[in-house]
Student: 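Sharing a structure with you now.
Only heavy atoms go into these numbers, but all of them, side chains included; no hydrogens, no water, no symmetry mates. One-based numbering along the sequence shown.
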Amino acid sequence: MDVAAQQAHIYRKATCPWGKKAVDLLETRHIDYVDHVFDDRRDEEQFKDEEGLKTTPQVYIEGRRVGGYEELANHLNVERPESSDGDNAGQSYQPVIAVFGTALLLALATRTGLMGFMGFSLSLLACLKLMDLRSFVDGFRQYDLLAARFAAYGWAYPFLELGVGLAFLAGAFMLPMAAIAVVIGLLGAVSITKAVYIDQLDLDCACVGGNYDVPLGFVSFTENAVMAGMGAAILLGLL
């Protein structure tokens, strides 16, 4: 029977690059599929427990489990597929380094100091989120305490972040934007602490948008803590 005439089911998390590759491969081969995107990490863990699996994504064709992206590629006779072993395959801090490195150079070039560095950093991070807002929200809701309850906060977050960044650069609307920086910075730091250090979840950070595999952890916590600290310093008249 022609594979394209069969129906596939794919189970994946929204931010997983291998899940997206598997979806692209199914679409390229014109295979009808049902896309099951996990609502959150617990939903994914429940699926893996029920199926006796250790990793996702997982693809089923006509009720038979094929496996992840690499197994699907082999099943469809795609030569030399990229390795997808484990949920953490391809994780890298390179996008974060690129953002903060560029922001540092811009601050040095414009002689705007720490305020400029934070303004450029937040603006660049917001830009990356806005490039694919839905993917960001899907990833952000997996660990942010407020976004998990109110999706609207996830959609609003990049615009709030951009507003804070522009305020730091322009020196305008500083007090309201500093207050916003404190609130979202503290909320972000608390959310990351709970997800990584208390619940010990292995998640990707949505800080550079939803299309990059950046590990959620110390760097993400520091970013939020510094933003909250700068906002507090502005409100106290220290900056």
Side-chain angles (χ1 to χ4, degrees), residues 1-96 98 125 127-144 147-148 151 154-155 157-158 195 201-216:
M1 183 177 182
D2 183 6
V3 174
Q6 303 178 41
Q7 187 177 64
H9 288 258
I10 178 169
Y11 297 82
R12 66 187 181 95
K13 60 183 180 181
T15 57
C16 175
W18 304 110
K20 293 176 183 178
K21 286 178 180 290
V23 166
D24 290 342
L25 189 52
L26 291 170
E27 292 179 345
T28 299
R29 293 303 177 93
H30 306 290
I31 299 173
D32 290 334
Y33 67 93
V34 179
D35 191 5
H36 303 272
V37 179
F38 300 118
D39 292 330
D40 50 38
R41 186 70 175 188
R42 291 180 178 82
D43 189 25
E44 180 189 10
E45 292 301 324
Q46 181 180 351
F47 168 78
K48 289 193 291 187
D49 289 342
E50 291 175 351
E51 296 292 319
L53 302 169
K54 294 183 177 180
T55 63
T56 58
Q58 292 292 331
V59 179
Y60 293 74
I61 296 180
E62 292 298 303
R64 183 174 69 86
R65 186 174 73 86
V66 174
Y69 167 75
E70 186 173 353
E71 290 78 15
L72 175 64
N74 289 331
H75 181 75
L76 299 177
N77 296 317
V78 175
E79 296 182 358
R80 301 178 64 182
E82 299 174 74
S83 175
S84 60
D85 294 336
D87 283 339
N88 296 328
Q91 281 192 333
S92 170
Y93 285 107
Q94 184 175 342
V96 175
L125 290 169
C127 178
L128 289 173
K129 295 177 178 69
L130 291 170
M131 290 175 67
D132 189 346
L133 191 51
R134 178 172 293 278
S135 292
F136 161 73
V137 173
D138 289 340
F140 193 50
R141 293 186 68 190
Q142 292 188 56
Y143 61 88
D144 187 85
W155 292 97
Y157 185 92
L201 300 178
D202 181 19
L203 299 173
D204 295 329
C205 179
C207 56
V208 291
N211 295 311
Y212 297 95
D213 255 3
V214 175
L216 183 69

Student: Rounded at 0.5 Å granularity, tell me how far CZ in Phe140 sits from CG in Leu133.
Tutor: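 If we round to the nearest 0.5 Å, Phe140:CZ and Leu133:CG are 11.5 Å apart.
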Student: Just jot down the side chain to side chain contact (heavy atoms under 4.5 Å, CB included) partners of Ala148, sequence neighbours excluded, or say none.
Tutor: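 For Ala148 there are no side chain to side chain contact (heavy atoms under 4.5 Å, CB included) partners, ignoring immediate neighbours.
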Student: Which atom pair, heavy atoms only, marks the closest approach of Val34 to Gln7?
Tutor: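 Result for this residue pair: CG2-NE2, 3.9 Å.
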Student: If only atom types and distance count, is the side chain of Lys48 paired as donor or acceptor with the main-chain N or O of Thr55 below 3.5 Å?
Tutor: no
Student: Got a sec, which residues hit side-chain hydrogen bond (donor to acceptor under 3.5 Å, both in side chains) with Gln46, two or more places apart in sequence or on another chain?
Tutor: Glu50
Student: Looking at Ala73 and Leu25, what are the two nearest heavy atoms and their distance?
Tutor: CA-CD2, 3.7 Å
Student: Excluding sequence neighbours, so at least two apart, what forms side chain to side chain contact (heavy atoms under 4.5 Å, CB included) with Gln94?
Tutor: Ser92
Student: When rounded to the nearest 0.5 angstrom, what is the spacing between CD in Glu45 and CG in Leu53?
Tutor: 11.0 Å
Student: Please confirm whether the backbone N or O of Asp39 pairs with a side-chain atom of Asp43, one donor and one acceptor, at under 3.5 Å?
Tutor: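 Between the backbone of Asp39 and the side chain of Asp43 there is a qualifying donor-acceptor contact (under 3.5 Å).
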Student: Could you report the tightest heavy-atom contact between Ala147 and Arg141, atom names first, then the distance?
Tutor: O-NE, 3.2 Å
Student: Is there a side-chain contact between His75 and Val59 in this structure, where contact means two heavy atoms from C-beta onward sitting under 4.5 Å apart?
Tutor: no
Student: Identify, with sequence neighbours excluded, every residue that meets side-chain hydrogen bond (donor to acceptor under 3.5 Å, both in side chains) alongside Asp35.
Tutor: Arg12
Student: Specify the closest pair of heavy atoms between Tyr157 and Lys129, including all atoms of both residues, with the distance to one decimal.
Tutor: CE2-CE, 3.8 Å
Student: Minimum heavy-atom separation for Leu125 to Cys207, with atom names?
Tutor: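 Answer, listing the atom of Leu125 first, then Cys207: CD2-O, 3.4 Å.
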Student: How would you list, by chain and number, every residue that makes a ring pair (Phe, Tyr, Trp, His ring centres under 6.0 Å) with Tyr11, sequence neighbours excluded?
Tutor: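 Per chain and number, Tyr11 pairs via ring pair (Phe, Tyr, Trp, His ring centres under 6.0 Å) with His36, Phe47, Tyr60.
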Student: Rounded at 0.5 Å granularity, tell me how far CG in Asp49 sits from CD in Glu51.
Tutor: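 These two atoms lie 10.5 Å from each other.
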Student: What is the distance from atom NE2 of His9 to atom CD of Glu62, rounded to the nearest 0.5 Å?
Tutor: 8.5 Å
Student: Looking at every heavy atom in both Arg134 and Trp155, which two are closest together, and how far apart are they?
Tutor: CA-CH2, 3.9 Å
Student: Less than 4.5 Å apart, side chain to side chain, heavy atoms only: is that true for Ile10 and Leu72?
Tutor: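 SC-SC contact between Ile10 and Leu72 ruled out.
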Student: For Arg65, which residues count as a side-chain hydrogen bond (donor to acceptor under 3.5 Å, both in side chains) partner, sequence neighbours excluded?
Tutor: Gln58
Student: Atom CG of Leu26 and atom NZ of Lys21: how far apart are they, to the nearest 0.5 Å?
Tutor: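 Nearest 0.5 Å value for the CG-NZ distance: 14.0 Å.
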Student: Let me confirm one number: the CD-OG1 distance from Glu44 to Thr56, rounded to the nearest 0.5 Å.
Tutor: 3.5 Å
Student: Against Pro158, only a single residue in Leu130, Val137, Leu128 fulfils side-chain contact (heavy atoms from CB on, under 4.5 Å); can you say which?
Tutor: Leu130
Student: May I ask you to test the Phe136-Met131 pair for a side-chain heavy-atom distance under 4.5 Å?
Tutor: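 A side-chain contact is absent here, since even the closest heavy-atom pair is not under 4.5 Å.
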